[in-house]
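So the structure is just underneath, and the comments pick up after that.
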Amino acid sequence: MATLAKYLEKMSHDRQAVADVIAALASVAVDLSSLIRRPDALAEFGAVCGSANADGDYQKKLDVLADEMISDALAELTAVAAYLSEERDVAIPFHESGAVIVASDPLDGSSNIDTNVSIGTIFSIFPASGGPLQPGRNQLASGIFVYGPQTGLLVTFGDGVNAFQLDNDGHFYDMGWRV
């Protein structure tokens with residue numbers, strides 16, 4: 001089976017920034033998946049901490065942690081100009097010459113942490129040249145990591161949707177279907 005890493009390696013050079021962002025987000029998803037599966041996850045990450053986020057939802061510890069993990073991973077990529085997060089009121093500028101802007105809900109459905117229902121990380125990647133607020137048709141890629149009994153990734157690069165599943169070895173494998 002092909003891995004997400006192999007899939008990203010085959011992307012054209014002009015899409016390298018997108019591939020790098022997806023790889024960084026996948027690495028964060030592996031770490032989040034591991035944290036969420038821990039027996040003490042509910043007690044440690046399910047509690048409300050701090051204030052309401054930009055949408056008025058009260059942030060849980062895992063919301064904040066997921067946001068910090070994504071922000072840290074993206075800050076290391078010179079291709080990322082800025083990061084927009086549901087957990088923050090303003091965009092975080094990273095690299096002025098960056099080629100892409102990443103928007104994310106770092107942990108969608110965090111109110112479900114207490115009930116062991118699937119939660120996810122939603123992301124969208126836009127060209128930096130369009131500024132922080134752009135129509136969806138400008139997306140270069142978007143997707144969702146779903147954390148539950150299995151951790152999966154559904155991602156589009158504008159031409160169908162590909163599905164990947166996280167294995168115990170820490171790699172996302174192509175599930176062999178495309179919509």
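The basis for the numbers below is simple: all heavy atoms, side chains too, and nothing from hydrogens, waters or symmetry mates.
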Quiz item: Hey, what do you get for CG (Leu65) to CG (Leu35), rounding to the nearest 0.5 Å?
Solution: 6.0 Å
For a quick test of your reading: what N or O donor-acceptor pairs under 3.5 Å do the side chains of residues 153-160 make, sequence neighbours left out?
{"unit_1": "Thr156", "atom_1": "OG1", "unit_2": "Gly158", "atom_2": "N", "d": "3.0"}
{"unit_1": "Thr156", "atom_1": "OG1", "unit_2": "Gly160", "atom_2": "O", "d": "2.6"}
{"unit_1": "Asp159", "atom_1": "OD2", "unit_2": "Arg178", "atom_2": "NH2", "d": "3.3"}

Quiz item: Looking at residues at least two apart in the chain, or sitting in another chain, which of them share a side chain to side chain donor-acceptor pair (under 3.5 Å) with Asp14?
Solution: Ser12
Do any side-chain atoms of residues 119-128 form donor-acceptor pairs under 3.5 angstrom with protein atoms, and if so which ones, sequence neighbours left out?
{"unit_1": "Thr121", "atom_1": "OG1", "unit_2": "Pro106", "atom_2": "O", "d": "2.7"}
{"unit_1": "Thr121", "atom_1": "OG1", "unit_2": "Tyr147", "atom_2": "OH", "d": "2.8"}
{"unit_1": "Ser124", "atom_1": "OG", "unit_2": "Gln139", "atom_2": "OE1", "d": "2.5"}

Quiz prompt | Set of side chain to side chain donor-acceptor pair (under 3.5 Å) partners for Glu68, sequence neighbours left out | solution = none
Practice problem: May I have the step-by-step check of side chain to side chain contact (heavy atoms under 4.5 Å, CB included) for Val64 and Lys61, ending in yes or no? | Solution: CA-CA 5 Å; Val64 174; Lys61 188 172 180 180; 5.9 Å; no
Practice problem: Taking all heavy atoms of Tyr83 and all of Ser104, pick out the closest pair and write down the distance. | Solution: CE1-CB, 3.8 Å
Quiz prompt | Side-chain donor or acceptor of Arg15 paired with backbone N/O of Leu8 under 3.5 Å | solution = no
Self-check item: Nearest-0.5 Å distance that lies between atom CD in Gln165 and atom CG in Leu4
Solution: 13.0 Å
Ignoring hydrogens and angles, write down the donor-acceptor pairs under 3.5 Å from the side chains of residues 17-33, residues two or more places apart or on other chains.
{"unit_1": "Asp20", "atom_1": "OD1", "unit_2": "Gln16", "atom_2": "NE2", "d": "2.7"}
{"unit_1": "Ser33", "atom_1": "OG", "unit_2": "Arg37", "atom_2": "NH1", "d": "3.1"}
{"unit_1": "Ser33", "atom_1": "OG", "unit_2": "Thr151", "atom_2": "OG1", "d": "2.7"}

Quiz item: Side chain of His95, backbone of Ala75: donor and acceptor closer than 3.5 Å?
Solution: yes
Self-check item: By ring-ring contact (aromatic ring centres under 6.0 Å, His included) - contacts of Phe164 (at least two apart)
Solution: Tyr7
Quiz prompt | With Glu87, the side chain to side chain contact (heavy atoms under 4.5 Å, CB included) member among Ile70, Asp67, Leu107 | solution = Asp67
Quiz item: If we only count heavy atoms from C-beta on, is the Leu84 to Val102 side-chain gap below 4.5 Å?
Solution: no
Exercise. Enter the distance from Asp89:CG to Glu86:CD here, rounded to the nearest 0.5 Å.
Key: 11.0 Å
Quiz item: Are Ile101 and Leu77 grouped together when hydrophobic residues (ILVMFWY) are joined by side-chain heavy atoms under 4.5 angstrom apart?
Solution: no
Self-check item: Side-chain heavy-atom pair Lys6, Thr3 within 4.5 angstrom cut-off
Solution: yes
